Every structure is written in C-alpha cells, then in structure tokens.
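Remarks on the structure that follows.
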Amino acid sequence: MPLAIKARRILDGSGKAPIEQGVVLIEGDRIKAVGASTQVHIPPGAEVIDCGAHTVLPGLVDAHSHASIIPGLGDQIGQLRQPPAPAMIRAVQNLRTDLRSGVTTMRVVGEEHFLDVDLRDAIAAGHLPGPRLLVATRPITARNGHGAALTFSDGEDEIRRHIRENVARGADLIKLFMTGGVSSKSTASRWYAYSRHEVDVTVEEAHRNNKPVAVHAHGGPGVRICIEAGVDTIEHGKLCDLDDLVEMRRRNIWLVTNNAVGGHPDGIEKGDGHVASIMAKLRESREKSRENFASVLQSGVKWAVGTDSMHGLMWWEIAKVVEWGADPHDAILAGTRRAAEAIGMSDQVGSLEAGKLADVISVDGDPLTDVTCLQRVGLVLQAGRRVDRLSPM
Ligand SMILES: [Zn+2]
C-alpha cells in the first residue's frame with residue numbers, strides 16, 4: 001500500500017526553498033514523488049500520515065560516530081578494549097537512541113572485534129533497530145598512537161595485512177588515526193603517528209580495494225601529509241589552519257566536524273574531567289573551535305557533521321555550527337545531503353527525491369527559524385518503515 005506523508009513544510013535536502021503544504025509519496029522502501037499537495041496525486045487507498053505543523057526532512061546522516069562508545073563514561077579507548085559482550089550491549093542501546101533521534105544512516109569509524117559488521121548486518125536484516133551503517137571495523141593505529149585499543153599496525157606490512165583482513169571481514173571504509181587525540185592521556189593533538197610512506201601505503205591499499213580512507217587528524221604537519229597522500233575525509237580537523245582547509249578544498253577532500261564530544265557537558269568533560277592531560281587538550285580544542293569553524297566557512301572546504309559517539313545529539317551538532325555563523329539551511333544540509341555525499345551514499349539517502357530510500361523524519365517547528373527544533377523529532381521512517389514508536393531504553 002502506498003504511503004503519503006503530508007506536512008506544513010518540506011525541506012527536501014536539495015537546498016532549495018521549502019515546499020509549503022507538501023507531500024512525500026512512498027511505495028515500498030522508496031520515495032515515489034515529492035512536491036506540493038496540489039501537484040502530487042495521492043492514489044486512492046494510500047495510507048496517509050498527516051504531520052500537521054511539523055517540518056518534514058530527510059533522515060539525518062551521522063557522518064562520524066562509533067557504536068559502542070559512550071564518552072560520558074570516560075576512557076573511550078578503554079571502552080574499545082573491553083570484551084565484545086559489554087561493548088555490544090552499549091552499542092545496541094546507543095544505536096536505538098540514534099535512530100529515535102532521527103538518524104537513519106550512520107558511518108561507524110572504528111570498533112574492535114568486528115562488532116560493527118555484525119551490527120550493520122543485523123540492522124540490514126531487520127533484526128535490530130538502528131541507523132543503516134557503513135563500518136570501518138578495526139582502525140589502522142600505531143602502537144603509540146591515539147585510538148590504539150586492541151589492533152596495532154606499524155610499518156607497511158602490518159598496515160597492508162590489517163587493511164586486507166578488514167576488507168575480507170566486511171569493512172566499508174578504512175579509518176586511519178594520524179594525529180594525537182583529545183581523549184587519550186598521552187598523545188599531543190599536533191603530534192602524528194605515521195610517516196608519509198605509511199600513509200601512502202594506506203591510501204594505495206584502501207583505494208585499490210575500492211575503500212575510502214577516513215583520517216582522524218586535528219592539526220599540524222600530520223594533516224598536510226594526509227592531504228597530500230590523497231585521503232578522502234579528514235575527521236575533526238579542530239586545529240587545521242586556513243591553508244590546510246583551502247588545500248583540502250582544492251583537492252576535493254571532505255572535512256567531517258564534530259563539536260558535542262568536546263563541547264557538550266555530557267561528553268569528554270563528564271567522563272574524563274579528572275584527567276589533567278585530557279582536560280588541557282580539551283580546553284585548547286574548545287578555545288580554537290569557534291575560530292576554526294570561521295576558517296572552515298572562509299575556506300570553502302566541503303564539510304559535513306557527525307556526533308563522534310554523542311548518541312542522539314545530531315541536533316546539537318547542527319545547532320552549534322549555526323551559533324558559530326553557519327546558515328541554518330546549510331547546517332541542515334551538512335547533516336543530511338552533504339553528510340551522505342561525504343560518506344559516499346548520496347545516490348541512496350540524504351535527500352527526499354524520487355527513487356531514493358524513504359528515510360523521512362518530521363520535527364516540531366521550522367528549523368530554518370529555530371534550528372533547535374531538530375531535537376523535537378516526531379515521525380521517523382527508515383526505508384519506508386515506521387520506527388518512531390520504539391520505546392526508549
Ligand atoms: Zn571518532
């Protein structure tokens with residue numbers, strides 16, 4: 001039976017002006033038509049969901065998260081080192097939270113035990129509620145690097161072997177940890193783990209296997225090495241300077257930005273507030289974030305947003321960059337169509353267009369005038385199936 005979603009306003013993810021009094025017509029798991037109610041014919045017998053004064057949008061796309069991590073519990077790397085069972089229990093709960101908040105697609109950029117492959121496949125089979133996942137499996141991390149949990153890759157041979165194992169086990173992309181990170185005790189944010197040769201090897205091996213390379217990098221010379229090696233996305237980039245960002249634009253490399261894990265009180269501060277070395281890096285990152293985002297806008301680099309494990313807080317990520325000067329419509333695109341482009345799924349998701357998967361959400365208000373209404377999600381459809389009636393855990 002066809003399904004028609006009616007609403008006061010539709011933001012279709014194209015970037016064009018909203019469609020007033022709109023209809024999204026769905027058949028099976030796909031969108032059949034989108035337009036004003038005067039133009040889209042609702043076939044007799046169709047089920048109609050009237051979202052009233054809500055705004056209808058494409059399902060949100062979280063371009064950078066992890067399934068099993070909860071930053072507020074502290075010691076994120078330690079969480080990755082745990083055995084599969086407790087990690088999986090957290091992941092099931094987190095992904096349910098993400099889905100109920102309107103995230104219908106998510107890229108998972110690092111888990112141990114290949115549990116992200118099992119999660120992706122269980123969600124795709126309809127056995128588990130959660131966003132549709134793209135997964136990086138085990139990150140490529142140096143023994144002395146940020147993100148070093150259970151799997152280490154030093155030198156060309158280990159890098160190639162681990163990429164090949166990840167691909168064989170079902171990885172959709174390859175994640176490399178290049179610079180230090182905020183949430184580890186001993187790595188500085190501008191220090192970097194890998195030589196140019198090791199990054200070249202990563203890119204060559206991944207691209208030969210048709211897998212994009214996503215790189216954890218904050219700033220300093222390590223960022224430039226990755227840009228010149230031709231990686232696909234730079235994750236975080238909180239200490240990138242304007243020159244780095246302009247060079248990324250020139251080479252068509254995406255920036256995936258996230259602010260909640262460092263800026264929201266339930267993030268790193270809650271979990272690791274007692275660790276002086278982490279808090280020193282967090283303070284620097286916070287101080288630079290606003291200025292860094294101004295450079296992002298100035299550079300013209302393509303940017304998308306992700307939550308980095310702040311489950312349910314895509315609305316906060318989008319609202320934060322609006323507070324820092326992003327146009328609200330542009331910020332919403334960074335969490336829908338552009339996020340889908342950044343992760344290589346824009347032919348399937350990220351906008352409401354005939355032929356795409358029917359991932360549709362509604363929010364209570366007009367996000368172009370008050371972007372924080374993205375936290376008041378009503379309807380959530382994933383591939384044409386209604387998933388907003390899930391109880392909270
Ligand atoms: Zn991350």
Side-chain angles (χ1 to χ4, degrees), residues 61-82 87 90-91 94-95 98 103 105-112 115-116 119 131 133-142 145-151 166 171-185 187 189 192-193 212-219 222-223 226 231-240 254-264 266-269 271-272 278 281-282 285 289 303-314 316-317 320 335 339 342-343:
V61 178
D62 185 340
H64 177 129
S65 196
H66 305 265
S68 71
I69 293 177
I70 300 177
L73 295 177
D75 190 10
Q76 295 184 41
I77 316 296
Q79 291 181 43
L80 291 175
R81 282 193 196 113
Q82 287 179 351
R90 283 196 306 277
N94 289 340
L95 294 173
D98 290 313
V103 175
T105 301
M106 173 188 283
R107 190 174 62 152
V108 174
V109 286
E111 292 287 348
E112 293 286 356
L115 61 84
D116 47 355
L119 289 162
L133 301 183
L134 288 183
V135 303
T137 71
R138 303 171 310 178
I140 302 303
T141 311
H146 177 69
L150 297 174
T151 310
N166 286 355
D172 299 302
L173 67 141
I174 300 303
K175 169 77 177 292
L176 178 81
F177 277 93
M178 184 57 167
T179 74
V182 175
S183 62
S184 57
K185 283 184 195 170
T187 62
S189 304
Y192 60 99
V213 178
V215 178
H216 165 105
H218 283 287
V223 170
C226 291
V231 306
D232 299 275
T233 57
I234 297 282
E235 314 288 317
H236 316 299
K238 308 290 281 186
L239 305 173
C240 282
W254 283 87
L255 175 72
V256 178
T257 178
N258 30 62
N259 291 293
V261 70
H264 191 282
D266 288 341
I268 292 171
E269 183 182 354
D272 297 300
I278 291 179
K281 285 188 278 184
L282 187 64
S285 167
S289 285
W303 58 280
V305 298
T307 61
D308 204 4
S309 314
M310 295 297 283
H311 304 282
L313 287 183
M314 270 294 276
W316 199 94
E317 294 288 350
K320 197 54 164 179
I343 69 171

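Each ligand, and each atom within it, is numbered from 1 in the order the structure gives. Keep in mind that this is a model prediction, so the values were computed, not measured.
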Q. Going by the angle between their ring planes, with limits at 30° and 60°, are His146 and Phe177 parallel, tilted or perpendicular?
A. perpendicular
Q: Without swapping roles, check the side chain of Glu317 against the backbone of Asn259 for a donor-acceptor pair under 3.5 Å.
A: yes
(Q) For the NE2 atom of His66 and the CD atom of Gln76, what is their distance to the nearest 0.5 Å? (A) 7.0 Å
Q) Around the Zn ion (ligand 1), how many protein N, O or S atoms are closer than 2.8 Å? A) 3
**Q.** Val135: which of Leu115, Val109, Asp172 passes side chain to side chain contact (heavy atoms under 4.5 Å, CB included)
**A.** Asp172
Q) Is there a side-chain contact between Glu112 and Ser68 (heavy atoms, below 4.5 Å)? A) no
Q. Looking only at atom types and distance, does a side-chain atom of Asp62 sit under 3.5 Å from a main-chain N or O of Thr307, one as donor and one as acceptor?
A. yes
